[in-house]
Amino acid sequence: MADITAIGELLIDLTQTHFNEAGIPQFSANPGGAPANVAVAASRLGAETAFIGKVGRDGFGAYLQRVLEENRVGCKGIRRSSHPTTMAIVTIDRAGERSFEFIRGADIELWPEEVDEHDVLNTRILHFGSVSLTPGMSRSATVFAARTAHRAGKLVSYDPNYRAALWRSERDAKEWMTIPLPLVDIIKLSEEEVFLLTGERDLEAGGKLLEEKGISLVLITLGREGVLCRWKGESFRVPGIPVQTADTNGAGDTFLGAVLSRLCRREENLLDNLDRSELEDILRFANRAAALTCSRSGAISAMPTLKEVEDFTI
């Protein structure tokens, strides 16, 4: 049985790495896709992970599957499409902040019947994001997987990572990004996404509203400031780790992969009897992992190993 199975997009991050002497931005073709990133991050930190998704019958598709295999992520759930592998073009400003443009392809062509129900049931945690809830067959496949896992009593993790360019409108995004909430046990979201999903600009109030919808663990990432957590009717913050930032691509995915990997180490049933002290330790570990990712360029290529996180000091 896998500890964590992620479903969603596996794609090429055409990521800006630097400017050359003429001021022209230079790019590298890095492996990426938020759910795949989470699977790799958790695997590097000691969890048994697997991935369900779709790539093209092209060189990029073969490369992406090879990257997951090299990172010990189970690839039985990967399907191939006649459409090309999806690409995300990631540009980085002078402060290290990202902006995205997408060229969609195979990732939106995952059909529900291509999702093996056994793969969904043969895991402790099912993780998904909102990119696969955008228009396309992957929307139905993702909801099917989340509903199947929820009904079977599996822990369901959700990252409503909002990318405006992928939606017809903000209203459409909010509608579809909130539909899966009743199925979710753990949610990781940004300050912007708290407002989008709840209408609350006060983060603690937004976290409380999400908890009231039945979500057990709410994690609101705050960049350099760390994370705001809502757990068992209480809100608290765990400070971030200061580092020299190369870029922030993949940091949130590393953070969530680290949290999930630590939860899978528990002898209890993941969230059962989890107290604040243990949760704070888990979040400090995740903040260290995310900080290490920020200190390097790329997403998957920047993610740390368990030893690197354990040895990391400031």
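By convention here, the first residue in the shown sequence is residue 1. No hydrogens, no waters, no symmetry mates; every other heavy atom, side chains included, goes into these values. Everything numeric in this text was worked out from a predicted model, so none of it was measured.
When only modelled atom types and interatomic distance are considered, Asp58 and Thr85 share a side-chain donor-acceptor pair under 3.5 Å. For the residue pair Glu193/Ser190, the side-chain donor-acceptor check at 3.5 Å is satisfied.
Within the 3.5 Å criterion, the main-chain N or O of Ser132 finds a donor-acceptor partner in the side chain of Ser138. Under the 3.5 Å distance criterion, the side-chain polar atoms of Thr5 are left unmatched by any main-chain donor or acceptor of Val120. In this structure a side-chain-to-backbone donor-acceptor pair under 3.5 Å is present from Asp185 to Val156. At least one donor-acceptor pair under 3.5 Å links the side chain of Glu211 to the backbone N or O of Gly233. Without hydrogens or angle criteria, Thr254 side chain to Gly252 main chain gives no donor-acceptor distance under 3.5 Å.
Here the straight-line distance linking atom NZ of Lys307 with atom CG of Leu45 works out to 14.0 Å at 0.5 Å rounding. If you take OG1 on Thr123 and CG on Asp3, they are separated by 7.0 Å, rounding to the nearest 0.5 Å. The CD1 atom of Ile12 sits 11.0 Å away from the OG atom of Ser28 when rounded to the nearest 0.5 Å. Taken to the nearest 0.5 Å, the CD1 atom of Ile241 stands 12.0 Å off from the OG atom of Ser295.
Nearest heavy-atom pair across Ser82 and Arg57 is N-NH1, 3.3 Å. Residues Pro304 and Ala289 share a closest heavy-atom pair of CG-O, 3.7 Å. Of all the heavy atoms in Pro160 and Ile187, the pair that sits closest is CD-CG1, 3.8 Å. Of all heavy-atom pairs spanning Ser130 and Tyr158, the tightest one is CB-OH, 3.7 Å. Ser157 and His127 make their closest contact through OG-ND1, 2.8 Å (heavy atoms, listed as atom of the first residue, atom of the second, distance). The minimum heavy-atom distance between Ala42 and Thr49, with the atom names listed, is CB-CG2, 3.8 Å.
The 12-atom threshold is exceeded at CZ of Arg266, counting heavy atoms of other residues, nucleotides or ligands nearer than 6.0 Å. For Glu101, the CD atom counts as loosely surrounded, since its 6.0 Å shell holds 12 or fewer non-hydrogen atoms of other residues, nucleotides or ligands. Within a 6.0 Å radius of CD in Glu234, more than 12 heavy atoms belonging to other residues, nucleotides or ligands are found. Atom CD of Gln244 has 12 or fewer neighbouring heavy atoms from other residues, nucleotides or ligands inside a 6.0 Å radius.
Residues Phe128 and Leu181 share a single hydrophobic cluster, defined by chaining ILVMFWY side chains whose heavy atoms lie under 4.5 Å apart.
For Arg288 and Phe312, the positive end is not near the middle of the six-membered ring at less than 6.0 Å and at most 45° from its axis.
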Test side-chain contact (heavy atoms from CB on, under 4.5 Å) on Ile7 and Phe51; report intermediate values, then the result.
CA-CA 6 Å; Ile7 182 170; Phe51 180 78; over 6 Å; no
Step by step, would you call Val194 with Asp202 a side-chain contact (heavy atoms from CB on, under 4.5 Å)?
CA-CA 9 Å; Val194 171; Asp202 180 274; over 6 Å; no
Worked check of side-chain contact (heavy atoms from CB on, under 4.5 Å) between Met87 and Leu11:
CA-CA 5 Å; Met87 297 181 68; Leu11 49 77; over 6 Å; no
Criterion side-chain contact (heavy atoms from CB on, under 4.5 Å) on Leu292 and Val309, from CA distance to verdict:
CA-CA 8 Å; Leu292 281 168; Val309 180; 4.0 Å; yes
One pair to check against salt bridge (Lys or Arg N to Asp or Glu O under 4.0 Å): Arg171 and Glu175. What are the steps and the verdict?
CA-CA 6 Å; Arg171 180 179 178 180; Glu175 177 184 354; over 6 Å; no
Intermediate values then yes/no, salt bridge (Lys or Arg N to Asp or Glu O under 4.0 Å), Arg79 and Glu114
CA-CA 8 Å; Arg79 305 290 182 252; Glu114 293 178 306; 5.3 Å; no
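Under the 4.0 Å criterion applied to side-chain N and carboxylate O atoms, Glu308 and Arg296 are assigned as salt-bridge partners. Looking at Arg124 and Glu48, no side-chain N of the basic residue comes within less than 4.0 Å of a carboxylate O on the acidic one, giving no salt bridge. Looking at Lys76 and Asp116, a side-chain N of the basic residue comes within less than 4.0 Å of a carboxylate O on the acidic one, giving a salt bridge. Using a cut-off of 4.0 Å between Lys/Arg side-chain N and Asp/Glu carboxylate O, Lys54 and Glu109 are scored as not salt-bridged. A salt bridge is absent between Glu204 and Lys208; no separation between the charged side-chain nitrogens and carboxylate oxygens falls under 4.0 Å.
Residues Val55 and Phe60 are not in side-chain contact: their nearest non-hydrogen atoms beyond the backbone lie 4.5 Å or more apart. In this structure the side chain of Asn37 reaches within 4.5 angstrom of the side chain of Met303, judged on heavy atoms. Between Asn71 and Val67 there is a side-chain heavy-atom pair separated by less than 4.5 Å. Thr86 is not listed as a side-chain neighbour of Ile103, based on a closest heavy-atom distance of 4.5 Å or more. Taking the side chain as every heavy atom from C-beta outward, Thr245 and Arg224 approach each other to under 4.5 Å. A 4.5 Å side-chain heavy-atom check between Thr15 and Ile89 finds every atom pair outside the cut-off. Lys174 is listed as a side-chain neighbour of Thr178, based on a closest heavy-atom distance under 4.5 Å. At least one side-chain heavy atom of Val143 sits less than 4.5 Å from a side-chain heavy atom of Leu133.
Of the listed residues (Arg139, Glu9, Arg104), just one forms a side-chain hydrogen bond (donor to acceptor under 3.5 Å, both in side chains) with Thr134, and that residue is Arg104.
Using a 4.5 Å cut-off between side-chain heavy atoms of Ile, Leu, Val, Met, Phe, Trp and Tyr, Leu256 falls into a hydrophobic cluster with Ile4, Val38, Ile125, Leu155, Ile186, Leu217, Leu219, Val227, Trp231, Phe236, Val238, Phe255, Val259, Leu260, Leu263, Leu270, Leu271, Leu274, Leu279, Ile282, Leu283.
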